[in-house]
Structure formats: C-alpha cells, structure tokens
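Before any comments, here is the structure.
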Amino acid sequence: MTPGTIQPPHARQEPTPTTLHGQTLEDNYRWMREKSSPEVLAHLEDENAYTLSVMKATEDLQKKLYDEMLSHIKETDVSVPYLQRGWFYYVRTVEGSQYPIHCRRLATGPRFDESQPEEILLDVNLLAVGQSFMSVGGMSVSPDGFKLAYSTDNTGFRQYTLHIRDLKTGLDLPDTAERVGSIVWATDSTLFYTTEDDVTKRQDHLFRHYLGDTATKDVVVYEEKDERFNIGLGKTRDGKYLLMEAGSHTTSECRFLAADSPDGEFQMIAPRIDDQEYSVDHRDGLFYIRTNDTGKNFRVVTAAVEKPGRVDWKEFVSLDAEAPLEDFEVFASFYVTSRRKLGLPTLAVTNFASGETLQRSKEIEFPEPVYSAGAHANREFDTQAFRYSYTSLVSPASVYEYDVRLGTSELLKQQEVPGGFDFARYASERVWVEALDGVKIPVSVVYRRDSFTRNSTNPVYVYGYGSYGYPLPIGFSSSRLSLLDRGVVIAYAHIRGGGEMGDSWHDAGKMMVKRNTFSDFIAVIEQLVAKGYGARDRVAIEGGSAGGLLMGAVVNERPELFRVVLSHVPFVDVMNTMLDASLPLTVAEYEEWGNPNEAEAFEYMRSYSPYDNLKVGEYPAMLVKTSLNDSQVMYWEPAKYVARLRTLKTNDTPLLLHINMDAGHGGASGRYDYLKEIAFDYAFLLIQLGVES
C-alpha cells in the first residue's frame, strides 16, 4: 500500500443464508442492497475515499494520460449529414462542451448545402445544465418535420422521460410521459410510445398519444404479459407501416399497422414460436422477413401484406451454413445483405432489377485483416446510394457512400485524429487459438510496430465479453493510443457466448455450456503468451457487465495467470441476482444464464458464480468500478464482491472499488468526464504492469 493512504474499508458481516435444492448460499453482505441506507452510502463513500487515496500517487500520470487522449480528439467537429424527408440532419460538437448538438439544414438537392441556415433541434449541453448526468434516449422528427419527440434520463438509471418540442418555436409542449422506450410517429403526427413497468424495467405497454393530450388520456394499444418479453416499436424504411416487435432472448413476433391509419389495430405477422426469431421490413406490398425458422444462420422470406403468416412465406435469400446472415436492408431498387464470414462482417448489394437471386450481388471489399463494417444512417427508401461505416483497430471510423449503379464507394469522412497520429506506426492481426475442445477461437490483436517483438516481453492487455450473442466490436480508439504508444499489446478475445460466428457461437457459450466462455478466454491468454505476443507475468485483462462476470470467473479459476484486472459494472453475484425475480432483467435472462429455481441450472450456475466461488488465496491487482444508479447490474454486486474478497485475499496487491455516485451502467455521460474515467483506469493498469509513464 502506498505510504499515507488510509486503510481499506472492512464491511460488517450479517449472515443472510438462502437454502434451495438442499444447498445453502452464504451471503454476509445482503444489507448493502438498501440503497437509501446511510450506512450503505457511508460504506460506498469510504470505498471511494480509499481508492482515491491509493490512486493519489498516480494523479500526475492520470493528467498526462488525459491530456494525451484529449490531444487525439477533434473537439469541434461535425458528423456526416444524412438526408431524411427534405432535411439534412447532423450532429456537431464544440470544444469545451461535454455533449453533442443535434442540428439540421433544409435540403435543396441531393447534396448537403451549407449555405442553408442551421436549425438546432436539441443542444444536449443546455439539457444538462444543473445536472450531474444527462443522456438522450430516443429522438424522432414528425413526418411533417416540425415536431421533435425525444426522451431524457438525468440519473443514469435508464429511466427516460418523453418530451415533444415544437421546432417552429423551439419550445417544449406540455405533452410528456414517464418510463418511455420506443418513440414512433404515424403519418398524421399521432405518436406511439412504449413504457416499462415499475419494477423490472421491462418494456411492456404500447400507448397511442394525440398531441395536446395529457398522458392520462393516452390509450393502451398493447400490453405484453409474458415476463420474458420486451416490446419495441419501429417503422419500415418506406414509412408505410409501424412495426411492433415482442422479443425475448430467443423468440420474437411482430405486428404491423398502416402508418396512415393510426387508429387501427396492429395485425399479427406470425405468432411466436419458442426459439424462432424474425424481423421485418416492407417494399411494394411485400414484407421481407429475416428469420431463423429453418436454421440458426437465418434466411430471408417474403410474404404479401394481405397474407403474412408462415404458411405463405416464400424463400428469397437462402440460409448459408457457413456465413450467418446478420442483417438485411431493403430499399426501393436494391437490398443489402450483411453476413459474418470467419467472424468478420461482409456487405453485399443486389439490385432488384438483376433478378430475385444473389447471383449478381456485389460484395463491398474491405482492405484489412481485422475490421468492423455496417450500414450507416440510411433513412431514405428511394435512393441509389447505400451508406456504410468502416473502422479497424488501426483505421479511424469512416463513412462511405456506395453507388449502387456504378458499384463504387466514395469516402465521405474519416474521423480526424490530431496529436500526431500516424496510421503506419501500428499493425493489426487476426490470430486463431485452440480451445480446450479443439474449437478455433479468433483473436484480434493490435500493437505499435516499433515497440513490438514477438519474444514474450511486451505487456499484453486482453479484453473479453462473450455473452448475449454480442459480437465484440473491432474499431479504432484514439484513447487506446496511450497504451499502444507505451508498448502494450492489445487483444480482443472473440470467445463463445458472443456472436462473431452467428447464433451457434452464442449457443456454445450460454446456459449449461457457459463455462466454455471462461475456458476460451483462459486459452486465449495462454496461447497469446505462448505465441510471443506478451510476457507471462505482464498480463492485464478487462471486461464489463457480463464481461465483468467473465473477469470474476477466470480470476477465481486461474488467479496466477493475471497481473492486473479491470472489472467494470461486473455481474458477479449471479446466484442472488438470478434468484430474485423482482430485479430488472432477471426473468428475461433465464434464457441466457438458466433458471436457478431448477436444480440442474442451480448447480451449474453456482459452479462459476464469482461471488460464490471466492476462496482464500492470492489474487491479482484489481480495480472494480460501478455506478450507484446502474439499472442493469446493481451497485451492490461489485460492492459485496469486493467486501468478501477482502476477507479472503492473502497477498498485498491492490483491491480497489470505485463507485460513480452520479451515473449508471455506462459511466459518466459527458465526453470529458468519460475521458477522465479512462485515464484513471489506464493509470492503474500501467502502474501495475510496470510500464514507464
């Protein structure tokens, strides 16, 4: 411990056992769940004071890192404008301002005209005045272009309030509603929105709102009673239909309503069938439906609006057993398929005039071995241009426009990285490692060329997630340069439980095979070291939320393998959380983790739950971070985890808990505040790795 620091807090113990299936879960810190308790708040403040005391010696390094990261950001900047119903919309930032400003200019033609006067739709900096946190959820401009529906959260709990702004006057109307999720306008400016329940934060009600009415007059259009399902509302790209989807982690169904008949009833497309998912768009009287009804990798079918049920589905794009169909975009004269090939995204464009097959598709080429790419702000239906984003571990985010007629791409903008960034100094690779059962796991690696030698001497930092079928994004980060420029090799482990190889990759790392996720991550570390990418005694790892569960599980299993661990909003108290159906997300997530009320699932989940598997022994240096207003992983999970670990840990490596008392799951909302959080993390990581500052 650094001289002059205060002693770490030691929380009192109050045994609160839970017995189920003949087994007892010991929990001495359940009292920490009382968020309003002065004792709980005092304990959290004590944890913060201890952490800041330990980290005081790194304040100069934190400032240095912050200044470096800030130097690589173009503080005053503007996004690429996109066209929607006669206006060009864009977002800009101003040096010194924490939040973005949403703007538009009138469209006088197909190209953005800067001579048109700017109209500010929403300056988030003004919304944030007097607030310690500010986040904008949904934003939607009415079809006539003169009303803006938007939602805000000023606590970080992801509980959003609906507002409607008159864009002619710039003033908000009295119309409002609470706990709002999706926001969609009908053609006549009737507004539809979804709301969450009071306890579990499940979006379960759909309302119809007429401008000028109070929320008490809003009509309930639909209520979803199955606790596994959330509802969401969208609109077809051609603007003709509203789409309401009810979805669990494994199953979905969709209803539709003509956008010009807002007083009508939503009609079913196809009733839910367990383990079948589908999503919908529309063109020329046909619904285009991406579905996994015949296999995990999805196909596309069509159905007439008048007869949309499964019995009338006709195959349009067939299932490919080797390349999961991740997305399908429909336009007036072409469509775009997005597939995963060897874990990397592809985009193929097909003109409808070329026939109803993929034989004349044009696949967009990407130049690097590791990258991310996807559709970007394509709001117009009748167009000959398709916009897509591209980024890699060494290439800043870019927006391209693909000309469907010519088959060529034009770069519209690449994010400028000031502060002396040189693309040529860095290299990225795709590495494959072998899991315990022989499955090949992709790993994305980036390093600075002049400081890297494959001789097992570099410090190595590995990030992992591996849950919910979520593909770990591979993109450029200007803040990451502060690690790369100090010789740290950075790797991203695409372990099972994620979505890099489609739904089958997710299925191979959830429920009763969840431990694959953890063994995959350990295999990645061991083989990266064996291949010379990093030093065995200089391994840092990081994960957040479900990735924090990953951190806890692998540290319990192989604590000697890691030198330093960064764990953000970690889901570490698996058993107590999943046994409490009153908490947000719990029931819906039985399909991801299992239901511990069932004996077999209970036994399996308990075998890896980080909080329940802590034991006496040595542990790596750990920085655990959470937020008081987190609605996804409650603050008490990491607080309890750290408290218990302090009673079992036998060595003197740092164990720090930091609680953001004014934020939620994503941390600070302001961009400068967020940079300071990253600088704090990096300072801890670099000091523990013994990297010169």
Side-chain angles (χ1 to χ4, degrees), residues 47-48 50-52 54-55 58 61-62 65-66 69 446 458-467 472-473 477 479-484 486 488-493 495 517-518 521-522 524-525 528 534-535 537-572 610 619-627 630 633 635 637-639 641-642 645-646 649 653-660 663 665-668 673-691 693:
E47 288 283 9
N48 277 345
Y50 172 67
T51 294
L52 294 178
V54 173
M55 291 293 289
T58 71
L61 176 56
Q62 291 179 52
L65 290 165
Y66 174 81
M69 291 186 285
V446 61
N458 286 83
V460 58
Y461 156 98
V462 185
Y463 190 92
Y465 188 75
S467 291
L472 200 59
S477 165
S479 61
R480 193 172 55 214
L481 297 175
S482 290
L483 298 182
L484 295 172
R486 287 171 171 80
V488 178
V489 175
I490 299 177
Y492 295 85
I495 49 185
T517 303
F518 316 137
F521 191 78
I522 290 170
V524 167
I525 301 292
L528 284 177
D537 61 348
R538 303 181 79 189
V539 176
I541 60 174
E542 181 178 354
S545 196
L549 162 62
L550 170 68
M551 297 297 101
V554 300
V555 167
N556 282 346
E557 191 162 333
R558 294 287 303 278
E560 81 288 349
L561 196 57
F562 317 108
R563 184 160 169 179
V564 56
V565 180
L566 300 180
S567 187
H568 290 253
V569 292
F571 174 40
V572 283
Y619 283 82
M622 299 178 69
L623 172 59
V624 181
K625 300 184 75 174
T626 187
S627 296
D630 194 339
V633 179
Y635 71 88
E637 290 203 32
Y641 172 81
V642 169
L645 181 54
R646 284 217 174 95
K649 184 173 172 290
T653 54
L655 173 59
L656 305 182
L657 173 65
H658 186 263
I659 308 98
N660 188 323
H665 198 63
D673 292 340
Y674 188 64
L675 272 189
K676 290 176 182 176
E677 291 190 345
I678 298 174
F680 187 92
D681 295 351
Y682 283 5
F684 180 80
L685 183 149
L686 291 169
I687 291 296
Q688 297 306 317
L689 287 176
V691 176
S693 59

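Excluded from the calculations below are hydrogen atoms, water molecules and symmetry mates; all remaining heavy atoms, backbone and side chain alike, are included. Residue numbers run from 1 in the order of the sequence given.
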Are the side chain of [X] and the backbone N or O of [Y] linked by a donor-acceptor pair below 3.5 Å?
{"X": "Ser477", "Y": "Arg480", "value": "yes"}
{"X": "Asn556", "Y": "Pro610", "value": "yes"}
{"X": "Thr51", "Y": "Leu657", "value": "yes"}
{"X": "Arg538", "Y": "Gly534", "value": "no"}
{"X": "Asn48", "Y": "Ile659", "value": "yes"}
{"X": "Glu542", "Y": "Tyr463", "value": "no"}

Would you give the length of the straight line joining atom [atom1] of [X] to atom [atom2] of [Y], rounded to the nearest 0.5 angstrom?
{"X": "Asn458", "Y": "Ile490", "atom1": "CG", "atom2": "CD1", "result": "11.5 Å"}
{"X": "Phe571", "Y": "Ser467", "atom1": "CZ", "atom2": "OG", "result": "9.0 Å"}
{"X": "Thr653", "Y": "Tyr619", "atom1": "OG1", "atom2": "OH", "result": "10.5 Å"}
{"X": "Ile522", "Y": "Phe518", "atom1": "CD1", "atom2": "CZ", "result": "9.5 Å"}
{"X": "Gln688", "Y": "Phe562", "atom1": "CD", "atom2": "CZ", "result": "15.5 Å"}
{"X": "Met55", "Y": "Phe684", "atom1": "CE", "atom2": "CZ", "result": "7.0 Å"}

side-chain contact (heavy atoms from CB on, under 4.5 Å) partners of Thr517, counting only residues at least two apart: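 Result, side-chain contact (heavy atoms from CB on, under 4.5 Å) vs Thr517: Ile495, Lys514, Leu550.
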Listed by chain and number, what are the side-chain contact (heavy atoms from CB on, under 4.5 Å) partners of Ala540, not counting sequence neighbours?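 Ala540 satisfies side-chain contact (heavy atoms from CB on, under 4.5 Å) with Tyr461, Val564, Leu685, Leu689 once adjacent residues are dropped.
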Quick one: does [X]'s side chain get under 4.5 Å of [Y]'s, heavy atoms only?
{"X": "Ile541", "Y": "Val554", "result": "yes"}
{"X": "Ser482", "Y": "Met69", "result": "yes"}
{"X": "Asp681", "Y": "Lys625", "result": "yes"}
{"X": "Met551", "Y": "Phe521", "result": "yes"}
{"X": "Ser479", "Y": "Tyr682", "result": "yes"}
{"X": "His658", "Y": "Thr626", "result": "no"}
{"X": "Pro459", "Y": "Val489", "result": "no"}
{"X": "Leu656", "Y": "Val624", "result": "no"}

Side-chain ion pair, Glu47 and Arg646, N-O less than 4.0 Å: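 Salt bridge between Glu47 and Arg646, a charged N being under 4.0 Å from a carboxylate O: yes.
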Where is the tightest heavy-atom contact between [X] and [Y], given as atom of each residue plus distance?
{"X": "Leu472", "Y": "Ala493", "answer": "CD2-O, 3.8 Å"}
{"X": "Val569", "Y": "Ser627", "answer": "CG1-N, 4.3 Å"}
{"X": "Gly544", "Y": "Tyr465", "answer": "O-CE1, 3.5 Å"}
{"X": "Val565", "Y": "Pro620", "answer": "CG2-CG, 3.8 Å"}

Can you list everything that forms a ring pair (Phe, Tyr, Trp, His ring centres under 6.0 Å) with His665? Sequence neighbours excluded, please.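 If we apply the ring pair (Phe, Tyr, Trp, His ring centres under 6.0 Å) test to His665, skipping adjacent residues, there are no hits.
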Please test Leu655 against Tyr50 for side-chain contact (heavy atoms from CB on, under 4.5 Å), starting from the C-alpha separation and ending with a verdict. CA-CA 10 Å; Leu655 173 59; Tyr50 172 67; over 6 Å; no
Could you give me the CA-CA distance, side-chain angles and deciding distance for His568 and Leu623, then say whether side-chain contact (heavy atoms from CB on, under 4.5 Å) is met? CA-CA 8 Å; His568 290 253; Leu623 172 59; over 6 Å; no
I want to check a possible cation-pi pair here: Lys676 against Tyr66, using under 6.0 Å from ring centre and within 45° of the ring axis as the test.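 Ring-cation test returns yes.
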side-chain contact (heavy atoms from CB on, under 4.5 Å) between Leu481 and Arg486, worked out: CA-CA 8 Å; Leu481 297 175; Arg486 287 171 171 80; over 6 Å; no
So which of Val539, Asp537, Val555, Ile525 actually passes side-chain contact (heavy atoms from CB on, under 4.5 Å) with Leu561?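 When side-chain contact (heavy atoms from CB on, under 4.5 Å) is applied between Leu561 and each of Val539, Asp537, Val555, Ile525, only Ile525 qualifies.
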